[in-house]
2 protein chains.
Amino acid sequence: MSSKATTIADVAARAGVSVPTVSRVLTGSARVSQAKKDAVEAAIAELNFRPSAAARMLASRRSQVIAIVAGDTSRYGYAETIRGVEEAARAQGYTVMITVVESQDDDEVARAISATLAQSVAGIVVLKFDAPGVAVLRQLPPDVPVVALSGVRDVGTPQAVLDETRAAEELTSFLLGLGHATVHHVRVPPSRREDGRTTGWRRALRKAGAPVPVPLDATWEPRSGREIGHALATDPSVTAVFCGNDEIAMGVIRGLNDAGQRVPEDVSVVGFDDHPLAELWSPPLTTARQDFAGLGRRGFQLLLDVLGGSTERLYSSERPEVVHRESAAEPRPRAAVREARSVPAGA
Amino acid sequence: MSSKATTIADVAARAGVSVPTVSRVLTGSARVSQAKKDAVEAAIAELNFRPSAAARMLASRRSQVIAIVAGDTSRYGYAETIRGVEEAARAQGYTVMITVVESQDDDEVARAISATLAQSVAGIVVLKFDAPGVAVLRQLPPDVPVVALSGVRDVGTPQAVLDETRAAEELTSFLLGLGHATVHHVRVPPSRREDGRTTGWRRALRKAGAPVPVPLDATWEPRSGREIGHALATDPSVTAVFCGNDEIAMGVIRGLNDAGQRVPEDVSVVGFDDHPLAELWSPPLTTARQDFAGLGRRGFQLLLDVLGGSTERLYSSERPEVVHRESAAEPRPRAAVREARSVPAGA
DNA sequence: ATGAAAGCGCTAACAC
DNA sequence: GTGTTAGCGCTTTCAT
């Protein structure tokens, strides 16, 4: 696709050597005399030659391309994770292609897998953050080098995890320790029946003997949190809320504010992720910091280990750190609820 | 990389036909009798055969892969644009690979271009949002199918644009129309000497005969806006601020608040992009809505036109729409400035 | 150390 | 319609 179709044969001719010799200097697979090496390199530069990755893959049956399979690419955690994988891959000379799986529908999952495998990738990193990711992992042929990235440890596939269960438990316990009778929970769409964040929250409540309220479901849209905030405002028993992520927490706080409730004076709200805007919010969000880019980097490293034939139990776990800011406080008698202002039409 | 190395020859043998016939049903390049077609499809399914994209590209000299070249992948505008390109590409059966260019440094730009071109891509979409993007565009060989995505119209390369100059001018004029003597400007790192947003702002001020303050420079980090907000708070002549993007606007508002200034009562602040959190911020942000995903989709469509050999002047422009919310108001005598609280250490 | 020959898995002519 | 014959641009034996 570059200039004309400058091939390795052109380079060989120009340098006065054989084709395999050019290949040797290209790949460094065997020693070549300095003289020929220089000649080849000069010819390559003059001809502005670029080897064809396709021909290379075909002949060598090896590939320097990895695929990232994800249910989304632009939401905060996904985008950061992808950035981490790409960064680490690039540093090792790998190219990254990306496959999006829209749903856990069989056809869609099969389509995504086919599209990915057709590209002769060296390996695959799947973001197991949601149902599509889980489905892909389950349907992938067993002999493909793959690593999963997620929030909960699992058996089987090599994986890098951000242990959200422990962090959620810690965050919930912190709220309970402040004196709240219980902690309500607003969750984002879970990857399976229950996310680690929800499990951790439940575990903390159980351990403390606190009642376990029914979790409320938000979508990925921050504004869905706002509506839930309106609802939460009408329930005086709600004094602390643990949200599935910071963006939902911001929405919930906004909804609570619409209804005249202050955070943290009337209701404490904590998020998850430590989104870049969490520290700038009013009030600054207490949350758990997730190093998504780091997760991506660890994931790629693991993939490299798999590719290297490592036989170890491939696994890397890290625990998000709770960041204490100002959105959580001791419970106090709540202010009177006022009618939630409806969301402006053009908003 | 899939199962073993099931090839088209295995399929042919199993189906009792020749290799090209299998190829024909695979590509639909020629009619094949229904009987053989069925046999081939059955064999493909039984063998779980997946054609090798590498072999295909090599033999046909065509590719179903496009590359997105970008200076960043996770920031809001970038991530959304990438999402749009990927979505449109996937809908047409294309696979997307992504190349990140870290800087405008010659070596880095050359590395990115080489990595991209080596993959035998059908075409390239470059995000000309920053200096690295501009540099890549300039150094790309002239015969590569490419389209640029940006905020300012340019000559040369086919491109899809989001006309930020006009939108910035409109936003600034709106502020001036409210009665502000001038509008200060906080810009994000520009793609060249000056971004369209800055140009539009300047143009509006000139047209109105308003003084043109020196623009302030933020980084891409929202918190850099906060520090600028602190500085702005000490200058009583500042009554309206136009920020390069919403995240910086949020930081500026926060900084202003730290110093006891209210928005919009004391200072009006407007952003750019209509970030998903802009409507949830306090106060909700007046801004210009940028349809980045749409830009990405239009960009891919343009690339398809280029690939189709279209000889038209390939160009697609759209103008961001100003969204009026609550962060801008008429100027009023400002409240006394109080010492800006320093940013919390752990924040 | 270097060249000749033989493919990698597929598509593209070209016959029939 | 369908099979035969040639490659695509590289890497890989295998000689030398």
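So you know, we letter chains A, B, ... as the sequences are listed, proteins then strands, and number each from 1.
Ionic pairing of A:Glu87 and A:Arg83 is present here: one or more N-O contacts between side-chain nitrogen and carboxylate oxygen are shorter than 4.0 angstrom. One finds no salt bridge joining B:Asp105 and B:Arg111 here, because no Lys/Arg side-chain nitrogen approaches an Asp/Glu carboxylate oxygen to under 4.0 Å. Ion pairing of A:Asp305 with A:Arg298 is absent here, as no side-chain N (NZ or NE/NH1/NH2) approaches a carboxylate O to less than 4.0 Å.
Comparing C:dG9, D:dC10, C:dT11 by their nearest atom to the side chain of A:Ser52 picks out D:dC10. Distance from the side chain of B:Pro51 is smallest to C:dC10 among C:dC10, C:dG9, D:dG3. Among C:dG9, D:dT4, C:dT2, the nucleotide with an atom closest to any side-chain atom of A:Ser18 is C:dT2. Of the candidate nucleotides D:dT12, C:dT2, C:dG7, C:dT2 has the atom lying nearest to any side-chain atom of A:Lys36. Across C:dA1, D:dT11, C:dT11, the shortest atom-to-atom separation from the side chain of A:Arg62 is found for D:dT11. The side chain of B:Ser33 approaches D:dG1 more closely than any other nucleotide in the set D:dG1, C:dT11, D:dG3. In this structure, of D:dC8, C:dG3, C:dT11, it is C:dG3 that holds the atom nearest to the side chain of A:Pro20.
Residue contacts for B:Ser29: at a heavy-atom cut-off of 4.0 Å it reaches no nucleic acid atom on any strand shown. Counting any heavy atom pair closer than 4.0 Å across all strands shown, A:Val22 reaches no nucleic acid atom.
Comparing B:Arg31 and B:Val19, the nucleotide of DNA chain D nearest to each residue sits closer to the 5' end for B:Arg31. For the pair B:Leu58 and B:Val32, both in contact range of DNA chain D, the more 5′-proximal nearest nucleotide belongs to B:Val32.
Straight-line distance from the CG atom of B:Leu26 to the C1' atom of C:dT11: 11 Å, rounded to whole Å. Distance A:Gln34 CD to C:dA1 C1': 13 Å, rounded to the nearest Å. Rounded to whole angstrom, the span from the CG atom of A:Leu47 across to the C1' atom of D:dC10 amounts to 16 Å. Regarding A:Asp38, its CG atom lies at a distance of 16 Å from the C1' atom of C:dT2, rounded to whole Å. Summarising the geometry, the separation between CD on B:Gln64 and C1' on C:dC10 is reported as 15 Å, rounded to the nearest angstrom. Going from atom CD1 of B:Ile44 over to atom P of C:dC10 covers 10 Å, rounded to whole Å. Atom P of nucleotide D:dC10 and atom CD of B:Gln119 are separated by 13 Å, given to the nearest angstrom. Counting to the nearest Å, the C1' atom of D:dG9 and the CE atom of B:Met57 are 12 Å from each other.
At a threshold of 4.5 Å between non-hydrogen side-chain atoms, the residues B:Leu149 and B:Gln159 do not count as touching.
Here B:Tyr78 and B:Phe292 keep their ring centres 6.0 angstrom or further from each other.
Scanning atom types as modelled, one donor and one acceptor separated by under 3.5 angstrom connect the side chain of B:Arg24 and the base of D:dG3.
In terms of phosphate contacts, B:Ser23 brings a side-chain nitrogen or oxygen within less than 4.0 Å of OP1 or OP2 of C:dT11.
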